[in-house]
Amino acid sequence: MPTMGKLVAAVLFGALAWHVSQLCVPIFPEGTMPTYWIGINTGFGILMGWVVAGKRAGMGLNAAISYGVTTAVAIIFWALFGNSAVEMVERSLDKRYDGPVEAVVSIFEIGVETGQMLATVEVLGALFIGAIIAALIVEFVGKRAS
């Protein structure tokens, strides 16, 4: 029953993304937090938990640590990309860009700026330690369910 590992991974990594998103809220300067910050991050946590960690459940403890870290990195990438894309659309509706190329390039600029601002020991520590713990739980469930 490999779906049980995927389900547990989705729930755990979604919860982890939600928690880490909450840790990030005070870091944003007043009034600059992206509109759907917590929802987008939680959604990508659920999706990456299901797709990245869930499909690897039951492969062993060393693999669990590896796919836990991989899932955390995937969440970071997609959450920054998703939030930056939403921010770009909001800015483009305010007519802040001269053309579509400038708008698309700004997605990556926004993502890098946001990532640099949020790359604190507290945030990254919580994410990576939480990801390893979540992956070990997923591994335990994956072994029991198979």
Side-chain angles (χ1 to χ4, degrees), residues 1-92 97 100-146:
M1 184 176 252
T3 306
M4 183 58 74
K6 288 181 177 184
L7 178 62
V8 170
V11 169
L12 291 176
F13 281 96
L16 177 63
W18 177 85
H19 175 71
V20 172
S21 298
Q22 295 287 343
L23 291 176
C24 294
V25 170
I27 298 172
F28 284 103
E30 188 72 29
T32 63
M33 189 175 87
T35 307
Y36 303 105
W37 176 255
I38 294 170
I40 289 172
N41 296 347
T42 302
F44 279 119
I46 292 167
L47 183 63
M48 293 300 104
W50 183 277
V51 172
V52 178
K55 82 176 185 184
R56 291 171 177 82
M59 296 177 69
L61 291 179
N62 288 335
I65 294 169
S66 177
Y67 67 69
V69 171
T70 302
T71 305
V73 170
I75 292 169
I76 291 170
F77 174 81
W78 287 110
L80 285 174
F81 182 80
N83 283 291
S84 299
V86 169
E87 180 68 22
M88 180 274 296
V89 169
E90 290 174 353
R91 289 180 183 183
S92 68
Y97 301 116
V101 173
E102 184 182 351
V104 171
V105 168
S106 77
I107 292 173
F108 299 99
E109 292 171 351
I110 295 165
V112 168
E113 289 170 10
T114 305
Q116 288 174 338
M117 177 177 55
L118 299 176
T120 65
V121 172
E122 179 185 10
V123 170
L124 294 176
L127 179 62
F128 285 104
I129 291 169
I132 291 170
I133 292 168
L136 292 172
I137 295 168
V138 169
E139 185 62 25
F140 176 78
V141 171
K143 288 276 191 201
R144 299 299 175 266
S146 61

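Please read all numbers here as calculations on a predicted model, not as lab measurements. Residue numbers run from 1 in the order of the sequence given.
Using the six-membered ring where Trp is involved, W78 and F81 have ring planes that are perpendicular, over 60° apart on the 30 and 60° scheme.
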Query raised in the report: When you look at R91 and I110, which way does the side-chain contact (heavy atoms from CB on, under 4.5 Å) test go after all the steps?
Result: CA-CA 11 Å; R91 289 180 183 183; I110 295 165; 3.5 Å; yes
Requested in this report: Under the side-chain contact (heavy atoms from CB on, under 4.5 Å) rule, what do L16 and L12 come out as? Steps first, then yes or no, please.
Outcome: CA-CA 6 Å; L16 177 63; L12 291 176; over 6 Å; no
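Although no hydrogens or angles enter the test, the distance criterion places no donor-acceptor pair under 3.5 Å between the side chain of T32 and the main chain of F28.
Under the 4.5 Å side-chain criterion, counting only non-hydrogen atoms from C-beta, Y97 is in contact with E102. Residues R56 and T70 have side chains not in contact (no heavy-atom distance under 4.5 Å, counting atoms from C-beta outward).
Taking each heavy atom of A9 and G49 in turn, the nearest pair found is CB-O, 3.1 Å. When all heavy atoms are compared, the tightest approach of T71 to M48 is CG2-O, 3.7 Å.
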Do any side-chain atoms of residues 39-46 form donor-acceptor pairs under 3.5 angstrom with protein atoms, and if so which ones, sequence neighbours left out?
unit_1 : atom_1 : unit_2 : atom_2 : d
N41    : OD1    : N83    : ND2    : 2.7
N41    : ND2    : S21    : OG     : 2.9
N41    : ND2    : W37    : O      : 3.2
T42    : OG1    : I38    : O      : 2.8

Quiz: residues 115-140 side-chain donor-acceptor pairs under 3.5 angstrom, not counting sequence neighbours:
unit_1 : atom_1 : unit_2 : atom_2 : d
T120   : OG1    : V123   : N      : 3.2
E139   : OE1    : G58    : N      : 3.0
E139   : OE1    : M59    : N      : 3.3
E139   : OE1    : Y67    : OH     : 2.8
E139   : OE2    : G58    : N      : 3.4
E139   : OE2    : M59    : N      : 3.0
E139   : OE2    : G60    : N      : 2.5

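Around the CZ atom of F108, the shell of radius 6.0 Å holds no more than 12 heavy atoms that belong to other residues, nucleotides or ligands. Within 6.0 Å of OH on Y36 lie no more than 12 heavy atoms contributed by other residues, nucleotides or ligands.
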